[in-house]
2 protein chains.
Amino acid sequence: KALARSAVELRCQCIDTHAKFIHPNFIQNVNLTPSGPHCKNVEVIATLTDGREVCLEPTALWVKLIIKAILDK
Amino acid sequence: KALARSAVELRCQCIDTHAKFIHPNFIQNVNLTPSGPHCKNVEVIATLTDGREVCLEPTALWVKLIIKAILDK
């Protein structure tokens with residue numbers, strides 16, 4: 001569901017966001033891109049342990065909690 | 001101060017962390033990598049608007065606030 005290729009792109013990277021919870025153990029890293037002239041949406045792209053990239057919904061509580069868990073670990 | 005080349009590396013990416021506050025306007029994106037077998041540290045790497053990459057301290061309050069601000073925007 002993500003189309004992220006590089007961290008520095010000139011357009012929105014996410015077409016859609018993954019709705020279901022992803023366990024933090026399967027998340028390799030999370031990239032946060034603020035909205036800006038390139039894209040009106042905040043974009044949260046998780047790279048999973050299998051290499052897949054998925055767009056997450058920045059306003060979802062579980063997404064915020066996963067980010068908090070990464071920072072607090 | 002960062003040595004981040006790719007999101008998927010087999011070792012720690014940060015040698016040191018940037019101590020001073022960076023205004024969110026200069027941050028293009030932030031990459032969060034949980035600790036794991038590749039690296040015992042949580043790593044927070046910001047790409048600045050000029051393309052530079054800097055490692056931020058995950059426990060610093062201003063870093064947490066910037067991440068929160070990106071998500072809440």
Side-chain angles (χ1 to χ4, degrees), chain A residues 1-14 17-19 21-73, chain B residues 1-14 17-19 21-73:
Chain A
K1 292 196 175 173
L3 264 182
R5 286 291 157 263
S6 155
V8 184
E9 290 282 349
L10 297 172
R11 51 178 175 74
C12 293
Q13 299 302 296
C14 296
T17 56
H18 187 80
F21 174 80
I22 296 169
H23 194 282
N25 286 358
F26 296 105
I27 294 178
Q28 196 167 78
N29 68 64
V30 178
N31 195 279
L32 312 174
T33 307
S35 57
H38 71 292
C39 177
K40 68 173 174 50
N41 310 318
V42 177
E43 297 191 303
V44 178
I45 302 172
T47 304
L48 307 186
T49 46
D50 64 5
R52 276 184 305 158
E53 290 178 315
V54 289
C55 288
L56 307 181
E57 175 51 50
T59 59
L61 182 60
W62 72 270
V63 173
K64 289 178 195 277
L65 289 177
I66 278 178
I67 290 166
K68 192 173 178 323
I70 292 174
L71 289 174
D72 291 347
K73 215 165 90 178
Chain B
K1 293 196 178 175
L3 264 181
R5 285 291 158 264
S6 156
V8 184
E9 290 280 350
L10 298 171
R11 53 179 175 71
C12 294
Q13 299 302 296
C14 295
T17 56
H18 187 80
F21 174 79
I22 296 169
H23 195 282
N25 285 358
F26 295 105
I27 294 179
Q28 198 167 77
N29 67 64
V30 178
N31 194 279
L32 311 175
T33 307
S35 56
H38 70 290
C39 176
K40 67 172 175 52
N41 310 319
V42 177
E43 297 192 304
V44 178
I45 302 171
T47 304
L48 307 186
T49 46
D50 63 6
R52 277 183 304 158
E53 290 177 315
V54 289
C55 288
L56 307 182
E57 176 51 50
T59 59
L61 181 62
W62 71 270
V63 173
K64 289 178 195 277
L65 289 176
I66 277 178
I67 290 166
K68 192 173 176 325
I70 291 173
L71 288 174
D72 292 347
K73 214 163 93 178

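Just so we're on the same page: letters track the sequence lines, and every chain starts at 1.
Remark: Ile66(B) CD1 to Leu32(A) CG distance equals 11.5 Å, nearest 0.5 Å. Note: Lys68(B) NZ to Lys68(A) NZ = 11.0 Å, rounded to the nearest 0.5 Å.
Minimum heavy-atom separation, Thr33(B) to Ile70(A): C-CG2, 4.2 Å. Closest heavy-atom contact between Pro34(A) and Gln28(B): CD-O, 3.0 Å. The minimum heavy-atom distance linking Leu71(B) with Val42(A) is given by the pair CA-CG1, 4.5 Å.
For Val63(B), no part lies near chain A; criterion is any non-hydrogen pair under 4.5 Å.
Taking Thr59(A), Ile67(A), Val44(A), Asp72(A) one by one and counting their heavy-atom pairs under 4.5 Å with chain B, the maximum is reached by Ile67(A).
Counting non-hydrogen atoms of neighbouring residues, nucleotides and ligands closer than 6.0 angstrom, the CZ atom of Phe21(A) exceeds 12 such neighbours.
For the side chain to side chain contact (heavy atoms under 4.5 Å, CB included) test with Asn31(B), the passing option among Thr47(A), Ile45(A), Asn31(A), Val30(A) is Asn31(A); the others fail.
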